[in-house]
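Lettering follows sequence order; numbering is per chain, from 1.
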Amino acid sequence: MSDHVDVSNGLPANPEKSTIEGKNKFLGMWVFLGGETIMFATFFGTFLGLREGTAGGPTPDELFSLPLVFLMTMFLLTSSLTSVLGIISMKKNNFKAMRMYFLVTVLLGLGFFGCEVYEFWHYNHVGLGYSVSAFASSFYTLVGLHGAHVLFGLGWITTLLVRYWGKGITLANAPKFYSASLYWHFIDVVWVFIFTVVYLLTLGGA
Amino acid sequence: MSDELSKPFPKSAMTENERYELGRETRIQVVSFAFMIMLTIISFISVATETIPSGFVVPFILLLGTVQFALQLFYFMHLKDKDHGWPNAFFATGIVVTIPALIALILLLGETKW
């Protein structure tokens, strides 16, 4: 690793890890995600412990609608694929394709977020206020925390796109896009457990 | 130095072999995406049809979720690749702490019915 970058040699095959800063960002992101896992585990544990305490309020069986959750899952899974394809385009030095894939990621993420806002609005409308029952609070806190992560990720990727719209792939911005895509995959990983544990297990009779 | 880091590159320095490997990688990613969609559809159907007894559905969808979790981490997030030793160590540590945290919370909160 030299101090001098000769751009005429072409973009390295792994631009996100070809500077010391990029390597640090990559490692730091993984430390952060390891910590996030534990934070989400505490919220999952709280939900699983409290979910039967409906206190006379609406129950999950009356509320949850599988088609909506399925649609949200498809939005988030597909957005995970488009961010993978964005990173692959980045490695090929194809900036336009990367930009397009990340834009699609943001749009799919917005679709997911819109569904979640509608879902919460609907639940609140039929009587599941935040403080109605232990189930309500733990549900809103767990799923809402995930939703807040989605919103943060959307802001993150949008900021990167605006900041680097016409700038091309450089050794300074490649690690940033890579970290954002790792974060986005992690959001999807958490959602896999939310739709399994919160929605499907509860409706499946566990 | 910092100015040069912000210069775009006119071409890619990938070798023919690296290009081939990336093409293969792309196909693997798309196939694992297809698998994830399939697993998701199976777990939704197994709950939605209500024909399968709940004693089987619960461990079944948990297993499907775990498989999908592994696909995301090892393929989409590249944990399977080399020079991912430390990321593996950090994430594994996260999982190790997760399990007692989950069990403790479920047991403690489950004691009192709120």
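For A/Leu33, the parts lying near chain B are the backbone and the side chain together; criterion is any non-hydrogen pair under 4.5 Å. Interface residue B/Gln29: backbone and side-chain heavy atoms are both found under 4.5 Å from chain A. If you measure heavy-atom distances from B/Ile103 to chain A, you find no contacts under 4.5 Å at all. At a 4.5 Å heavy-atom cutoff, B/Asn88 makes no contact with chain A through either its backbone or its side chain. For A/Leu85, the part sitting under 4.5 Å from any heavy atom of chain B is the side chain, from C-beta outward, and nothing else. Looking at A/Val190, there are no atoms closer than 4.5 Å to chain B (heavy atoms on both sides), in backbone or side chain.
With respect to chain A, the highest number of heavy-atom pairs below 4.5 Å among B/Trp86, B/Phe69, B/Phe91 belongs to B/Phe91. Ranking B/Leu71, B/Leu62, B/Leu64, B/Thr93 against chain A, the residue ahead of the rest is B/Leu62, based on heavy-atom pairs under 4.5 Å. When B/Met77, B/Gln68, B/His84, B/Met14 are compared by the number of non-hydrogen pairs under 4.5 Å with chain A, B/Met77 comes out ahead.
Ring pair B/Tyr75/B/Phe35: centre-to-centre distance not below 6.0 Å. For A/Tyr123 and A/Phe139, the gap between ring centers is short of 6.0 Å. Aromatic ring centres of A/Tyr164 and A/Phe95 lie farther apart than the 6.0 Å criterion allows.
Within 6.0 Å of the CD atom in B/Glu21, the count of heavy atoms belonging to other residues, nucleotides or ligands exceeds 12.
Using a 30° and 60° split on the angle between ring planes, A/Phe40 and A/Phe44 fall in the tilted class, from 30° to 60°.
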